[in-house]
Amino acid sequence: MSENSTIVGSKIKSIRESKLISVEEIAERTGMSVDQINSIENDEYLPSLGPLIKIARALGVRLGTFLDDNDELGPVVCRAEERADSISFSNGTTDARKHMEYHSLAKQKMGRHMEPFVIDIQPSEDRQFKLSAHEGEEFIFVMDGEIEIDYGKEKYTLGKGDSIFYDSIVEHHVHGKAGKAAQILAVVYIPF
């Protein structure tokens with residue numbers, strides 16, 4: 001797990017405590033268990049994107065707040081070499097997104113409602129995916145390789161140069177085509 005992935009839990013805990021919100025309240029607001037929240041806050045595991053979005057909404061912050069190093073009011077430039085830092089939205093379970101590494105492209109931008117990422121998708125033969133859903137919209141552009149997107153009852157295959165835009169409230173899962181690596185640009189919009 002990357003170094004940045006270990007800061008998410010402590011950042012969640014810090015925000016929760018600064019807002020004087022109990023673990024029990026967050027669990028109730030998100031539909032997660034107290035044990036799950038404690039495990040996240042103690043950096044024992046990092047949940048997938050859906051639960052993180054629920055926690056962000058329960059705390060009244062943007063998802064990006066968990067990744068931010070500092071806040072910038074003006075434009076934010078992210079140089080290619082700065083993308084090396086990554087975060088893995090994986091919870092350590094068999095259906096975890098261990099196959100994806102997220103590189104935030106705007107982690108210093110304050111007040112944003114979009115979360116742009118370059119995502120490296122590692123090859124995986126595992127085809128057992130747990131679909132997730134959350135508020136908002138997502139745009140994906142395939143930079144390299146081939147991906148599959150399970151979206152509701154449909155499956156979409158996209159190659160280099162293809163893109164898709166969809167409502168995130170419909171259960172979905174993004175993964176590489178069986179046994180193949182890929183790289184995508186993903187922009188997640190979360191209403192706040």
Side-chain angles (χ1 to χ4, degrees), residues 1 4-73 76 85-93 95-97 100-119 129-140 149-152 164-174 184-192:
M1 191 176 293
N4 279 0
S5 65
T6 61
I7 65 166
V8 174
S10 55
K11 209 153 215 194
I12 290 170
K13 184 175 185 175
S14 175
I15 294 165
R16 179 186 58 73
E17 289 175 345
S18 73
K19 293 181 175 256
L20 303 175
I21 301 172
S22 71
V23 172
E24 292 76 16
E25 287 176 277
I26 293 297
E28 184 178 321
R29 291 177 188 180
T30 61
M32 298 168 69
S33 72
V34 170
D35 287 342
Q36 285 176 303
I37 301 297
N38 283 326
S39 292
I40 293 165
E41 287 189 354
N42 293 325
D43 291 315
E44 293 170 8
Y45 75 82
L46 186 62
S48 64
L49 196 54
L52 278 178
I53 290 169
K54 289 178 183 179
I55 292 169
R57 297 209 32 101
L59 291 171
V61 299
R62 299 173 293 99
L63 172 65
T65 304
F66 302 150
L67 310 175
D68 293 346
D69 288 335
N70 54 37
D71 291 326
E72 184 66 45
L73 290 172
V76 171
D85 291 341
S86 68
I87 186 164
S88 173
F89 292 109
S90 168
N91 61 7
T93 64
D95 59 5
R97 287 165 177 78
M100 300 175 83
E101 263 193 21
Y102 291 68
H103 305 275
S104 179
L105 300 178
K107 63 184 177 183
Q108 288 124 348
K109 179 65 178 160
M110 186 170 81
R112 67 187 181 276
H113 297 282
M114 295 186 303
E115 296 296 337
F117 298 101
V118 168
I119 303 173
F129 302 114
K130 182 176 180 183
L131 297 142
S132 68
H134 52 87
E135 290 184 56
E137 300 170 331
E138 293 182 37
F139 171 80
I140 294 174
I149 301 171
D150 291 341
Y151 183 79
I164 188 170
F165 189 109
Y166 56 85
D167 292 316
S168 307
I169 197 71
V170 175
E171 287 194 329
H172 59 281
H173 191 276
V174 178
I184 61 175
L185 169 68
V187 180
V188 180
Y189 168 76
I190 303 160
F192 189 68

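Quantities reported herein were computed from a predicted structural model and do not represent experimental measurements. FYI, the numbering just counts along the sequence from 1.
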Please examine the side chains of [Y] and [X], heavy atoms only from C-beta on, and report whether any two atoms are closer than 4.5 Å.
X    : Y    : value
R57  : H134 : no
V187 : L105 : no
I55  : M32  : yes
Q36  : T30  : no
I140 : I119 : no
D43  : S10  : yes
I12  : L52  : yes

Is the ring pair Y102/F117 parallel, tilted or perpendicular, if the boundaries are 30 and 60 degrees?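 Rings of Y102 and F117: perpendicular, as their planes differ by over 60°.
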
Show the nearest heavy-atom pair for residues [X] and [Y], with the distance to one decimal.
X    : Y    : value
S168 : E135 : CB-O, 4.1 Å
H173 : L131 : N-CD2, 3.6 Å
K19  : G60  : NZ-O, 4.2 Å
D167 : Y151 : O-OH, 3.1 Å
P116 : A106 : CG-CB, 3.8 Å

Supply the atom-to-atom distance [X] [atom1] to [Y] [atom2], rounded to the nearest 0.5 angstrom.
X    : Y    : atom1 : atom2 : value
D150 : K130 : CG    : NZ    : 14.5 Å
K13  : N38  : NZ    : CG    : 8.0 Å
I21  : I26  : CD1   : CD1   : 4.5 Å
I37  : N42  : CD1   : CG    : 11.5 Å
E138 : F165 : CD    : CZ    : 9.5 Å

Neighbour count above 12 (heavy atom, 6.0 Å) for E28 CD: no

